[in-house]
Amino acid sequence: ETGVTQTPRHLVMGMTNKKSLKCEQHLGHNAMYWYKQSAKKPLELMFVYSLEERVENNSVPSRFSPECPNSSHLFLHLHTLQPEDSALYLCASSHGGGVTEAFFGQGTRLTVV
Amino acid sequence: LAKTTQPISMDSYEGQEVNITCSHNNIATNDYITWYQQFPSQGPRFIIQGYKTKVTNEVASLFIPADRKSSTLSLPRVSLSDTAVYYCLVAPQASKIIFGSGTRLSIRP
């Protein structure tokens, strides 16, 4: 248990569906991140939020829309995804706007059919 | 961010000591060296961080030579449960966390 909780753990969605991934941390951290990990590939940093403001968007397609309503919660809204978006989506948090010690959630395994 | 090079994969046996070396020739003065461990279908887990010389915790040791152009993660007496991907990161402490390909460690009985 890392203190970072992601829901759901598994999600299957059609290409026309809209769904959201949720991340919650109770560590008092003020920075949160979304990563994508496709099969046999390194983790890709998608979004960085610091003090509830998006500070980085690594050229992520607009079909992925993050939301950070407060420092404890982070969402990733999904719509009109493609099969190649199937991956493990990981949320992380840290103290500060990007430090090298981060705590990761268990991830959401997303399958787009 | 400093570029890192580490072996793609390593094999070892239970009870052995495993050393994974990471090269980072262009490490900067304010860079720290951090290692993460990732089990299949789970998020990475912070293992250890150091700046120079040797750091030890309950999980591993990190050896950093004086020139800091490389570092070695040492796992004492590994078990099957140490099978995972190990990532070496070199960056300032206040830096976004970018992962490379890591080293896939396989432990056999």
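Chain letters run A, B, ... following the sequence lines, proteins first and then strands; every chain starts at 1.
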Minimum heavy-atom distance between A:Arg9 and B:Ser41, given as atom pair plus value: NH2-O, 4.4 Å
Identify which part of B:Tyr87 has an atom lying under 4.5 Å from any heavy atom of chain A, answering side chain, backbone, both or neither. side chain
Would one find more than 12 heavy atoms of other residues, nucleotides or ligands at under 6.0 Å from atom CZ of B:Phe39? yes
Are A:Val4 and A:Phe104 grouped together when hydrophobic residues (ILVMFWY) are joined by side-chain heavy atoms under 4.5 angstrom apart? no
Give me the contact list for residues 57-67 of chain B versus chain A, heavy atoms only, anything under 4.5 Å, ordered by residue number. none
Is it the case that the side chain of B:Tyr36 and the backbone of A:Ala102 share a donor-acceptor pair, with hydrogens and angles ignored and the cut-off at 3.5 Å? yes
Part of A:Gln6 within contact of chain B (heavy atom distance under 4.5 Å): neither
Check: A:Leu45 and B:Ile97 side chains under 4.5 Å, non-hydrogen atoms: no
Which residues from residues 79-92 of chain A are near chain B, with near meaning under 4.5 Å between non-hydrogen atoms? A:Leu88, A:Leu90
Same apolar cluster (I L V M F W Y, side chains within < 4.5 Å links), B:Ile20/B:Ile47: yes
Please look at A:Phe103 and chain B and tell me whether the side chain, the backbone, both or neither of the residue comes under 4.5 angstrom of a heavy atom of that chain. neither
Report yes or no: do A:Met32 and A:Phe47 belong to one cluster of Ile/Leu/Val/Met/Phe/Trp/Tyr joined by side chain heavy-atom distances under 4.5 Å? yes
Could you measure the distance from the CD1 atom of B:Ile98 to the CD atom of A:Glu44? Nearest 0.5 Å is fine. 10.5 Å
Looking at every heavy atom in both A:Pro42 and B:Phe99, which two are closest together, and how far apart are they? CB-O, 4.1 Å
Contact listing (chain B partner; residues 12-19 of chain A; heavy atom under 4.5 Å): none
Common cluster, A:Tyr49/A:Val60, ILVMFWY with side-chain heavy-atom separation under 4.5 Å: yes
Would you be so kind as to tabulate the donor-acceptor pairs closer than 3.5 Å made by side chains of residues 70-84 of chain B, with sequence neighbours excluded?
unit_1: B:Ser71; atom_1: OG; unit_2: B:His24; atom_2: NE2; d: 3.0
unit_1: B:Thr72; atom_1: OG1; unit_2: B:Thr21; atom_2: OG1; d: 3.2
unit_1: B:Ser74; atom_1: OG; unit_2: B:Asn19; atom_2: OD1; d: 2.9
unit_1: B:Ser79; atom_1: OG; unit_2: B:Ser81; atom_2: OG; d: 2.8
unit_1: B:Asp82; atom_1: OD2; unit_2: B:Ser79; atom_2: N; d: 2.8
unit_1: B:Thr83; atom_1: OG1; unit_2: B:Leu80; atom_2: O; d: 3.1
unit_1: B:Thr83; atom_1: OG1; unit_2: B:Ile107; atom_2: N; d: 3.0

